[in-house]
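The next block holds one structure in the form of structure tokens; read it before the comments.
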Amino acid sequence: MKIATWNVNSLNVRKPQVLSWLAQQQPAILGLQELKQVNEAIDNSDFAAMGYQTLLNGQKTYNGVALIYQEELGEPSDVVCDIPALDDPQRRVIAATFGELRVINAYVVNGEAIDSEKYQYKLNWLEAFSNWLALEIAQHPNLVVMGDFNIAPSDADVFDPERFKDAVLCSPPERDYFNRLLAMGFTDALNCFSNEENNFTWWDYRGGGYRRNHGLRIDHILTSPAVQAKATACHVDKEPRGWERPSDHAPVVLTLA
DNA sequence: ATGGTGGCTGTGCCA
């Protein structure tokens, strides 16, 4: 059983690629970020024809997240589209329970630059997000938290650490929030299974980032201990990043026994 | 080289 996350940077543009990738990889659950569409603009029948159902939390132009899941998983329960205790008009989270498995899919704030207001919004957002995850991991032994975290956890996750030193995506306060999640008992699944250097998930469109492998590892899958015990692999699927008109992110895939 | 590209909007914003 595979669980995956992918920032598609517009579902409208990337939907054919998402459908191709679903057919190729057959994940049980796929978390998408940056739909950039409202729910009403998304035609679920394309997914249904392939045996997938959708849970959508869309937004016009920016943000927007979804969970795409195999219909044989049955009806999900406890669907949540907002972080409790955070008044946030931006559509950045969607969570649901599939049988015994709780899944949270998130598009963390980018933050732009550490001297910007958006960076403060990011830290406030991460505070509420981490508080919520502490409650969730206490309630759900089988929990997966995945998505675009917009945090490179360590210098090994950055193609040029000097260039990104103390910059947004890499600053100590952001990394502190990521480490806070690990301290709660989550495992960084990709980091656990792959010791490869340069295991990047995002490459800037600008400056030939992908061609030069100027990437960062900012998309993650975090597993609770009971889920991690069932995990047999976790990897970045770089193939779609090389397709025509790609997203700037590659999918990350967790395999469970 | 303080740039570059891409998506969506609306003549800029966001990543």
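Every chain is numbered from 1 and lettered A, B, ... according to where its sequence line falls, protein lines coming before strand lines.
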Practice problem: Between dT9(B), dT5(B), dC14(B), spot the one nearest the side chain of K60(A), thanks. | Solution: dT9(B)
Quiz item: N12(A) near the nucleic acid: base, sugar-phosphate alone, or nothing, with a heavy-atom cut-off under 4.0 Å?
Solution: sugar-phosphate
Quiz item: Quick one: does Q90(A)'s side chain get under 4.5 Å of Y121(A)'s, heavy atoms only?
Solution: yes
Practice problem: Using the P atom on both, measure dG7(B) against dG3(B) and round to a whole Å. | Solution: 22 Å
Exercise. Give a yes or no on whether W125(A) and I114(A) share a hydrophobic cluster (residues Ile, Leu, Val, Met, Phe, Trp, Tyr; joining criterion: side-chain heavy atoms under 4.5 Å apart).
Key: yes
Exercise. State, yes or no, whether a side-chain contact exists between Q33(A) and N105(A) at a heavy-atom distance under 4.5 Å.
Key: yes
Exercise. Considering only NZ, NE, NH1 and NH2 on the basic side and carboxylate oxygens on the acidic side, decide whether K165(A) and D155(A) come within less than 4.0 Å.
Key: no
Quiz item: Just checking R14(A): base, sugar-phosphate only, or nothing, at a heavy-atom cut-off of under 4.0 Å?
Solution: sugar-phosphate
Quiz item: Mind checking the P distance from dA1(B) to dG12(B)? Whole angstroms is fine.
Solution: 28 Å
Exercise. Using only side-chain N and O atoms of R245(A), determine if any of them is under 4.0 Å from OP1 or OP2 of dT5(B).
Key: no
Self-check item: dG10(B) and dC14(B), which share atom name P, separated by this distance in whole Å
Solution: 12 Å
Practice problem: Check the distance between dT2(B)'s P and R206(A)'s CZ and give it to me in whole angstrom. | Solution: 15 Å
Exercise. Decide yes or no on side-chain hydrogen bond (donor to acceptor under 3.5 Å, both in side chains) for Q17(A) and S20(A), but give the supporting numbers first.
Key: CA-CA 5 Å; Q17(A) 296 190 16; S20(A) 294; over 6 Å; no
Exercise. For H249(A) and dT5(B), give me the distance from atom NE2 to atom P, rounded to whole Å.
Key: 18 Å
Practice problem: Would you indicate which nucleotide in dC8(B), dT5(B), dC13(B) comes nearest to any side-chain atom of K36(A)? | Solution: dC8(B)
Self-check item: Whether W6(A) and W243(A) hold their rings parallel, tilted or perpendicular, with breakpoints at 30° and 60°
Solution: perpendicular
Self-check item: For atom CD of Q90(A) and atom C1' of dC13(B), their distance in whole Å
Solution: 12 Å
Self-check item: Closest-nucleotide ordering on DNA chain B, the 5'-leading residue of Y205(A) and N7(A)
Solution: Y205(A)
Practice problem: Report the distance from atom CH2 of W243(A) to atom P of dG6(B), rounded to the nearest whole Å. | Solution: 18 Å
Exercise. Tell me which residues in residues 109-124 of chain A put a heavy atom below 4.0 Å from DNA chain B, sorted by number, or none.
Key: N110(A), K118(A)
Quiz item: What is the distance, rounded to the nearest whole Å, between atom CG of D219(A) and atom P of dA15(B)?
Solution: 15 Å
Self-check item: Residues that T187(A) engages under side-chain contact (heavy atoms from CB on, under 4.5 Å), provided they are two or more places apart
Solution: C192(A), T223(A), Q228(A)
Exercise. Give the rounded distance in Å between these two atoms: CD of Q59(A) and P of dT9(B).
Key: 12 Å
Quiz item: Is there a chain of hydrophobic side chains (I, L, V, M, F, W, Y, each step under 4.5 Å between heavy atoms) that links L123(A) to V109(A)?
Solution: yes
Self-check item: Position toward the 5' end of DNA chain B (nearest nucleotide), Y107(A) or T61(A)
Solution: T61(A)
Quiz prompt | Separation of dA15(B) C1' from R92(A) CZ (nearest whole Å) | solution = 11 Å
Quiz item: Which whole number of Å gives the distance between the P atom of dC8(B) and that of dT2(B)?
Solution: 29 Å
Quiz item: For the pair made of CZ in F159(A) and P in dG4(B), what is the distance, rounded to whole Å?
Solution: 17 Å
